[in-house]
Amino acid sequence: MRKKDKKNEYKPLVYPSVFGRVWRLYIYNSFFTALFFWAFWGNFTLDDLAFEIDYFTLWGFTEFRFNLIFVLITFFFMLRQFFKDCNLIKYTILMRQHDKDIIEHGGNKRLYDGVEGSGKTMTNANDTLFIACKKDVAMRLTYYLKYPHKEDLKDDKDYKVLCESFNFYKEHSDKYIPHLMSDFDIVYKGRKNYQWSMDFLDQKKRPAEGFAVAITEIANKLPNAWSRVPADEKKDTHNMRVKSETLSLTRQWYDMTIIGDEQRAGEVVLAFRSVCSQTRHLLGFKKVLRPKFLEILLSFLGSHILRRKEKNKRITSFLYIRLEKLVNRLGFRVFSYVDKEAVTDKAGEKENIFVLSCELPFVYDTRYERLNFKDYQRLPDFIEEKKQ
């Protein structure tokens, strides 16, 4: 009986832990911290360093001591590793602060734009996941608070909506990520997103209460060409009157938060941009605290595979793939961005940053639409130029 109850109970959505995203990087740095600190402090002291420098300035050019080289090298790597450890703590704190900013100051509509490769979809998925976690915690808390008073609230309309939404997520919580809907694939701890449909904006379908929605390349779904609402409802072929109404009232109607991304924010429908609490223009990102030693090993393995060509062995491929996966998970991404005015699309001058770990808590697939291209099933064509 207990097993059956556990099987049918609600599986909550848990915030991705900070430690779960950085522990590999801490272990990697701990190894070099122990190595370089031992190399200096286990063999020398600061007095040794001062003595060797003084000796070199006085007699080093006539009676050079090779001990100076060993002292300086070990001291340099020890000091360098110390600052790397300080930066590791610094970026962990900044990452944690960004997590809190997403949850506490996210607003109900947000838009990211920027050139290809600036991290729009990655940031979109990250924000949506954290907001979904917030909504899940809020819904469960409200439901459990009101549950002891369910008899008194049986005629309460708000409680009825709460119960319907709670049961909806409960029935699907073993397969889908509660409160997370998107038009691209997101996987978190073995569960996938609910699929987004335009019917929710057209009021043809009713979503459950408390969805966080991620829409990538939103101008393809809601282009600015649709912004004008005709006076004659019969000419409203894109149903923009209803869409605009839904976009402006989703917070009151469904407690819905929508995160969109697009290369050119000005091409997104005005009805969405006008209700955005934030529009951020991503300038790009850089990786910091990268595992350079492992990157050297990875480069060596890659060169070995290219030399071996078709003679490459399975074990080498296995090692390369595993090492590449580890290298890509270590470090931090520091994003730079400027805020934009939502309606006019005018960018500000002040440059800001936020930090994400390279260890993403989710898997996201941004290439799912390749199957929709009409030439996907065709073989690559050979193009022969005509002779002049």
Side-chain angles (χ1 to χ4, degrees), residues 15-37 39-40 73-103 105 112-130 261 278 280-302 320-339 347-364 366:
Y15 284 105
S17 70
V18 173
F19 179 72
R21 286 173 281 164
V22 298
W23 68 270
R24 290 179 178 84
L25 188 60
Y26 272 82
I27 290 176
Y28 175 80
N29 277 272
S30 295
F31 171 79
F32 288 100
T33 300
L35 176 65
F36 294 135
F37 271 62
F40 180 77
I73 289 176
T74 54
F75 179 75
F76 169 77
F77 279 105
M78 183 274 296
L79 192 63
R80 178 172 172 268
Q81 187 61 38
F82 170 75
F83 285 115
K84 285 185 71 174
D85 292 340
C86 291
N87 280 327
L88 178 58
I89 297 171
K90 168 191 167 184
Y91 286 120
T92 302
I93 294 172
L94 288 174
M95 184 184 74
R96 175 62 183 136
Q97 183 60 50
H98 182 60
D99 292 351
K100 292 179 66 178
D101 288 342
I102 293 169
I103 299 166
H105 310 293
Y112 289 99
D113 76 343
V115 298
E116 289 186 9
S118 56
K120 301 184 300 297
T121 308
M122 179 197 309
T123 306
N124 185 342
N126 188 78
D127 285 16
T128 310
L129 175 61
F130 275 90
D261 65 66
Q278 292 179 349
R280 289 181 172 180
H281 176 68
L282 296 182
L283 303 173
F285 66 86
K286 62 180 179 179
K287 289 186 177 181
V288 297
L289 294 182
R290 296 161 62 180
K292 293 184 178 179
F293 176 72
L294 294 182
E295 288 179 339
I296 293 172
L297 288 180
L298 187 66
S299 178
F300 172 79
L301 275 176
Y320 185 90
I321 292 170
R322 289 301 178 93
L323 185 59
E324 183 184 37
K325 186 179 291 186
L326 178 60
V327 167
N328 290 335
R329 296 168 84 170
L330 298 180
F332 295 92
R333 293 183 178 93
V334 180
F335 290 81
S336 55
Y337 71 94
V338 291
D339 289 314
E349 297 180 356
K350 183 181 178 182
E351 187 173 323
N352 303 289
I353 66 164
F354 63 87
V355 178
L356 294 182
S357 170
C358 288
E359 172 76 21
L360 296 173
F362 53 87
V363 178
Y364 71 109
T366 59

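Positions are given from 1, in the same order as the sequence printed here.
D261 has its side chain out of reach of T123: every pair of non-hydrogen atoms, C-beta onward, lies at least 4.5 Å apart. Residues L298 and Y320 meet the side-chain proximity criterion, which asks for heavy atoms closer than 4.5 Å. The shortest side-chain heavy-atom distance between E295 and L330 does not fall under the 4.5 Å cut-off. Side-chain atoms of L326 and Y28, non-hydrogen and from C-beta on, never get closer than 4.5 Å to each other. Two residues are said to be in side-chain contact when any heavy atoms from C-beta on lie closer than 4.5 Å; V334 and Y91 meet this criterion. Side-chain contact between K90 and V288 is absent, with no heavy atoms from C-beta onward closer than 4.5 Å.
With F77 as the partner, the ring-ring contact (aromatic ring centres under 6.0 Å, His included) test is satisfied by one option alone out of F32, F36, F293: F36.
When the side chain to side chain donor-acceptor pair (under 3.5 Å) test is applied to R96, no partner is found at least two apart in sequence or on another chain.
Rounding to the nearest 0.5 angstrom, the gap separating the CZ atom in F335 from the NE2 atom in H98 is 8.0 Å. Rounding to the nearest 0.5 Å places CZ of R24 at 10.0 Å from CZ of F19. A distance of 4.0 Å separates OH in Y15 from CD1 in I103, rounded to the nearest 0.5 Å.
Sorted by first and then second residue, the pairs that involve residues 320-329 and meet salt bridge (charged side-chain N to carboxylate O under 4.0 Å, His left out), not counting sequence neighbours, are R329-E359.
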**Chi angles and distances behind the side-chain hydrogen bond (donor to acceptor under 3.5 Å, both in side chains) call for D127, Y112** = CA-CA 11 Å; D127 285 16; Y112 289 99; 2.5 Å; yes
**Message:** With side chain to side chain contact (heavy atoms under 4.5 Å, CB included) as the criterion, how do V327 and R290 come out once you've worked through the C-alpha distance, each side chain's angles and the decisive distance to 0.1 Å?
**Reply:** CA-CA 8 Å; V327 167; R290 296 161 62 180; over 6 Å; no
